[in-house]
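Position 1 is the first residue of the sequence; numbering continues from there.
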Amino acid sequence: ISSNVLLFEKGKVFARSIPIGANAITQDFVAESEMPFAKAEEIKIKEGFVGLGGSYEEPENPHQAAISKIARQVMTRLHIQVNQTIQFYRGQLGGSAPTRLFLAGGASIMPYTAQFFAEKLNIGIEYFNPFREIKVDPAVNLDELAKVAHGFGEVVGMALRNFARRSEEHTSELQS
């Protein structure tokens, strides 16, 4: 439903929510194909990718062709908003140009999303892994976790915040 831009550098944090997300791809596909939302979402997940345009050949599958074109249009709108956010951060807040972009959330794994943003923003693109510095039970398959880790940033952040809050409360109790 939305995308979040977070810019971090020494002593500065800037956040902006952009009302463009993967849901927009599904909604536009529903409008074009006139199929139910659930079916359009299923096809988007199974067959969708971000079309890179230019000399890339359009897929023969009509659903893939439509979704790739729609995804490119939505990602282009998102890119414009991200770029405006970066320009505001740099111009109005004196921030530095970003050197890396971390992708997270469900739509970030749509094929060619990373390539699209790398091409548009001309910076390094990585997938955010909130478990990178967290000890994970050895019974957990780390390869499988890595495939879905980008979708757990908010959950891990909330858990760490709750853990930090409890640690502070416990420390205060011990000092009393």
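Here the side chains of M35 and I43 are in contact, with some heavy-atom distance below 4.5 Å. Proximity of Q81 to R16: side-chain heavy atoms (C-beta onward) are separated by under 4.5 Å at one or more points. For the pair Y89/E9, a side-chain contact is recorded, criterion being any heavy-atom separation below 4.5 Å from C-beta on. The side-chain heavy atoms of I25 and K44, taken from C-beta on, include a pair separated by under 4.5 Å.
At a cut-off of 3.5 Å, with distance as the only test, no side-chain donor of E119 or Y112 sits close to an acceptor on the other residue.
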Query raised in the report: Which is it for M75 and L78 under the side-chain contact (heavy atoms from CB on, under 4.5 Å) test, yes or no, and what are the steps along the way?
Result: CA-CA 5 Å; M75 293 298 180; L78 179 58; 4.2 Å; yes
Query - Step-by-step ring-ring contact (aromatic ring centres under 6.0 Å, His included) determination, F88 to F14 - result: CA-CA 10 Å; F88 176 82; F14 181 75; 5.7 Å; yes
Query - Verdict with reasoning, F131 to L142, per side-chain contact (heavy atoms from CB on, under 4.5 Å) - result: CA-CA 10 Å; F131 299 106; L142 295 179; over 6 Å; no
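Grouping the Ile, Leu, Val, Met, Phe, Trp and Tyr side chains by contacts below 4.5 angstrom, directly or via other members, places F128 apart from I125. I86 and V13 fall into different hydrophobic clusters, where Ile, Leu, Val, Met, Phe, Trp and Tyr side chains are chained together by heavy-atom contacts under 4.5 Å. Following chains of ILVMFWY side-chain contacts shorter than 4.5 Å, one can reach F117 starting from L52, so the two form part of one hydrophobic cluster. Linking ILVMFWY residues whenever their side-chain heavy atoms come closer than 4.5 Å, directly or via other members, places I134 and V140 in the same cluster. Connection of F49 to V30 is not established within any shared hydrophobic cluster, with ILVMFWY side chains joined at heavy-atom distances below 4.5 Å, either directly or through further cluster members.
Side chain of K12 to main chain of G94: a donor-acceptor pair is present (N/O by atom type, distance under 3.5 Å, no hydrogens or angles).
Pairing each heavy atom of V74 with each of G21, the nearest pair is CG1-O, 4.0 Å. Among all heavy-atom pairs drawn from P19 and S2, the shortest one is CA-CB, 4.2 Å. Contact record, V82 with L121: CG1-CD1, 4.3 Å, taken as the closest heavy-atom pair.
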Report all side-chain donor-acceptor pairs from residues 61-69 shorter than 3.5 Å, counting only partners two or more places apart or in another chain.
from : atom 1 : to  : atom 2 : distance (Å)
N61  : OD1    : H63 : N      : 2.8
N61  : OD1    : Q64 : N      : 3.1
N61  : ND2    : E47 : OE1    : 2.9
Q64  : NE2    : E47 : O      : 3.2
S68  : OG     : Q64 : O      : 3.1
S68  : OG     : A65 : O      : 3.1

For residues 98-110, dump all side-chain donor-acceptor pairs below 3.5 Å to protein atoms at least two apart in sequence or in another chain.
from : atom 1 : to   : atom 2 : distance (Å)
R100 : NH1    : E126 : OE2    : 3.4
S108 : OG     : G105 : O      : 2.6

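The 12-atom threshold is not exceeded at CG of N122, counting heavy atoms of other residues, nucleotides or ligands nearer than 6.0 Å.
Note: I18 CD1 to S3 OG = 6.5 Å, rounded to the nearest 0.5 Å. Between atom CG of residue L145 and atom CG of residue D137 there is a gap of 11.5 Å, rounded to the nearest 0.5 Å. Remark: Q115 CD to K120 NZ distance equals 13.5 Å, nearest 0.5 Å. Taken from CG in N23 to CD in Q27, the straight-line distance is 4.5 Å, to the nearest 0.5 Å. Atom CZ of F37 and atom CD of E41 lie 5.0 Å apart (nearest 0.5 Å).
Qualifying side-chain contact (heavy atoms from CB on, under 4.5 Å) partners for V155, counting only residues two or more places apart in sequence or in other chains: F152.
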